[in-house]
There are 2 protein chains.
Amino acid sequence: MAATTAGARGEADSRTYSVGELAAELGVTTRTLRFYEEAGIVTPARTGSGSARAYGARDRARLVLALRGKRFGMSLAEIREIVDMYDAEPGEAGQIRRLLESLAPVRADLQARRDELERTLAEVDDVARRCRARLDELGP
Amino acid sequence: MAATTAGARGEADSRTYSVGELAAELGVTTRTLRFYEEAGIVTPARTGSGSARAYGARDRARLVLALRGKRFGMSLAEIREIVDMYDAEPGEAGQIRRLLESLAPVRADLQARRDELERTLAEVDDVARRCRARLDELGP
DNA sequence: GTTGACGTTGACGTTAAGGGCAAGGTAGCG
DNA sequence: CGCTACCTTGCCCTTAACGTCAACGTCAAC
């Protein structure tokens, strides 16, 4: 199946990356990329003969999202879910509605985290402010 | 050493919690609290005879901070550092200055994370928007 | 004075997220 | 042809952050 490795339509795929290349670019090891593949986050194509992984633009995008997700404490499983819905094929109305619904809690969670971060940031700033005040009090 | 379990000054300590109590309140297990103690995040006092842990307001506050930190992907070690500086004794000028300096990168990191979150949130919203548009296109 | 709820330490098990290494394939290059 | 660089698939090791279990103390209640 599949025609030219290109997606549904629009061959603006540009290029394709090898593990090493992509790993270097993303600042992770090749082991990590392989691990993410096992976790179902990416499914790179293979080169005809060598069975070497060939990551496309879509894989790259998913990895970027995954690494971002990891940064604020998501598990690979959570990440997988989110990334999956990110680039799900449009499909028919029912499917889209389901996607929208599953998006809601994700959004809520992200927002909650952001708010917490905001609060934390404010607290840190407050500590800093108090420090400076104390220094003013002491210093000449 | 130490006088009454109370901090530097101001006995507004109110009450003290047992492991179970505090764990329930914070929504974690007692094991977790003990683990955080090993990790140096809290150092609850002990009751005279039984050697049972008695968590004070300060411990509670540190745990709240720690759990918040965990939510956005910090390791217990990182958490410990931050929490430590949060309620470090004022100390002399040099110490305060050092605290201020170590606070800067933390703040930068938090801000970076928040910005990333913001961007992710925007992307999620964008996906949702496109979903709705597509539904409008399809629906009657 | 024993029962039960709750606490204690200690030790071992588990899960997630990789690290690292061995043994081998393959593609270009001189 | 052989060298080198990069890739492949196992497979086991490690670290963090707990879970779980055992064996035992303690304190109030009955």
Side-chain angles (χ1 to χ4, degrees), chain A residues 5 15-56 59-60 62-84 109 113, chain B residues 5 15-56 59-60 62-84 109 113:
Chain A
T5 320
R15 56 173 302 196
T16 151
Y17 310 77
S18 76
V19 243
E21 252 173 337
L22 196 47
E25 194 192 317
L26 297 179
V28 299
T29 70
T30 65
R31 180 69 176 84
T32 300
L33 292 194
R34 275 187 32 229
F35 190 79
Y36 283 27
E37 184 174 348
E38 264 182 61
I41 291 174
V42 278
T43 17
R46 301 308 181 105
T47 67
S49 44
S51 79
R53 290 164 178 82
Y55 295 86
D59 294 308
R60 209 196 92 108
R62 290 174 69 103
L63 285 171
V64 168
L65 285 176
L67 294 174
R68 189 184 297 170
K70 242 203 43 184
R71 280 258 304 163
F72 35 82
M74 296 192 179
S75 74
L76 292 191
E78 290 173 303
I79 289 174
R80 196 205 124 123
E81 277 189 57
I82 297 184
V83 168
D84 266 354
D109 182 53
R113 286 183 201 235
Chain B
T5 319
R15 57 172 303 197
T16 151
Y17 311 77
S18 75
V19 241
E21 254 173 336
L22 195 49
E25 195 192 318
L26 298 179
V28 299
T29 70
T30 65
R31 180 66 175 87
T32 300
L33 293 194
R34 275 189 29 232
F35 190 78
Y36 283 27
E37 184 174 348
E38 263 182 63
I41 292 175
V42 278
T43 14
R46 301 308 181 104
T47 67
S49 44
S51 79
R53 289 163 178 82
Y55 294 86
D59 294 309
R60 210 196 89 108
R62 288 173 69 102
L63 285 172
V64 169
L65 284 176
L67 293 174
R68 190 183 296 169
K70 240 202 46 180
R71 282 257 303 163
F72 36 84
M74 295 192 180
S75 75
L76 292 191
E78 289 173 304
I79 289 174
R80 196 205 123 123
E81 277 187 57
I82 296 185
V83 167
D84 266 354
D109 181 53
R113 286 182 200 234

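Residue numbers begin at 1 in each chain, while the letters A, B, ... track the order of the sequences. Reckoned from all heavy atoms, side chains included, excluding hydrogens, waters and symmetry mates.
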dT20(D) base / Arg31(B) side chain donor-acceptor hit below 3.5 Å: yes
Just how far, in rounded Å, is C1' of dT15(D) from CZ of Phe35(B)? 10 Å
Could you state the atom-to-atom distance from CD of Glu38(B) to P of dA17(D) in whole Å? 12 Å
Figure out the CZ/C1' separation between Arg34(B) and dA17(D), and round it to whole Å. 13 Å
I want to check one thing: is the phosphate of dG18(C), taken as OP1 and OP2, less than 4.0 Å away from some side-chain N or O of Lys70(A)? yes
Could you tell me the separation between the CD1 atom of Ile79(B) and the C1' atom of dA16(D), rounded to a whole number of Å? 12 Å
Within this structure, what is the CD-to-P distance between Glu37(A) and dC7(D), rounded to whole angstrom? 13 Å
Using whole Å, report how far CG of Leu33(B) lies from C1' of dT9(C). 16 Å
Touch class at under 4.0 angstrom, heavy-atom based, for Thr30(A) against every strand present: nothing
Looking at Thr29(B), I'd like to know whether one of its side-chain N or O atoms comes within less than 4.0 Å of OP1 or OP2 on dG19(D). yes
Quick one: does Arg46(A)'s side chain have a donor or acceptor within less than 3.5 Å of a partner on Ala54(A)'s backbone? no
Going through the distances and angles, do Arg15(B) and Glu21(B) end up as a salt bridge (Lys or Arg N to Asp or Glu O under 4.0 Å)? CA-CA 12 Å; Arg15(B) 57 172 303 197; Glu21(B) 254 173 336; 2.8 Å; yes
Give one of base, sugar-phosphate or nothing for Val28(A), where a contact means two heavy atoms less than 4.0 Å apart. nothing
Ser75(B) side chain, from C-beta outward: closest of dT8(D), dG18(C), dA17(D): dA17(D)
Does NZ or CZ of Arg34(B) fall inside the cone over Tyr36(B)'s six-membered ring, less than 6.0 Å from its centre and within 45° of the axis? no
Taking a pair as Watson-Crick or G-U wobble with both distances under 3.5 Å, which nucleotide is matched to dT8(D)? dA23(C)
OP1, OP2 of dG7(C) versus side-chain N and O of Arg53(B): anything below 4.0 Å? no
Round to the nearest Å and state the distance from Leu22(B) atom CG to dG7(C) atom P. 11 Å
From the set dT8(C), dT8(D), dC18(D), return the single nucleotide nearest to any side-chain atom of Arg46(A). dT8(D)
To the nearest angstrom, the OH-P distance between Tyr17(A) and dC6(D) comes to 18 Å
Quick one: which of dG7(C), dC18(D), dG18(C) gets closest to the side chain of Tyr36(B)? dC18(D)
Picking from dG18(C), dG19(D), dT8(D), which would you name as closest to the side chain of Leu76(A)? dG18(C)
May I ask you to verify if any side-chain N or O of Ser51(A) is less than 4.0 angstrom from the OP1 or OP2 atom of dG25(C)? no
Taking the side chain as every heavy atom from C-beta outward, state whether Leu67(B) and Arg71(B) have any pair of such atoms under 4.5 Å apart. no
Go ahead and name the base partner of dC6(C); Watson-Crick or wobble counts if both distances stay under 3.5 Å, otherwise write none. dG25(D)
Side chain of Thr32(B) only, heavy atoms from C-beta on: which candidate in dC18(D), dT8(C), dT8(D) is closest? dC18(D)
Taking atom CD of Glu37(B) as the centre, does the number of heavy atoms from other residues, nucleotides or ligands within less than 6.0 Å exceed 12? yes
Has Arg80(B) got a side-chain N or O lying under 4.0 Å from the OP1 or OP2 atom of dA17(D)? no
Ala66(B) and Val83(B): which non-hydrogen atoms are nearest, and at how many Å? N-CG2, 4.4 Å
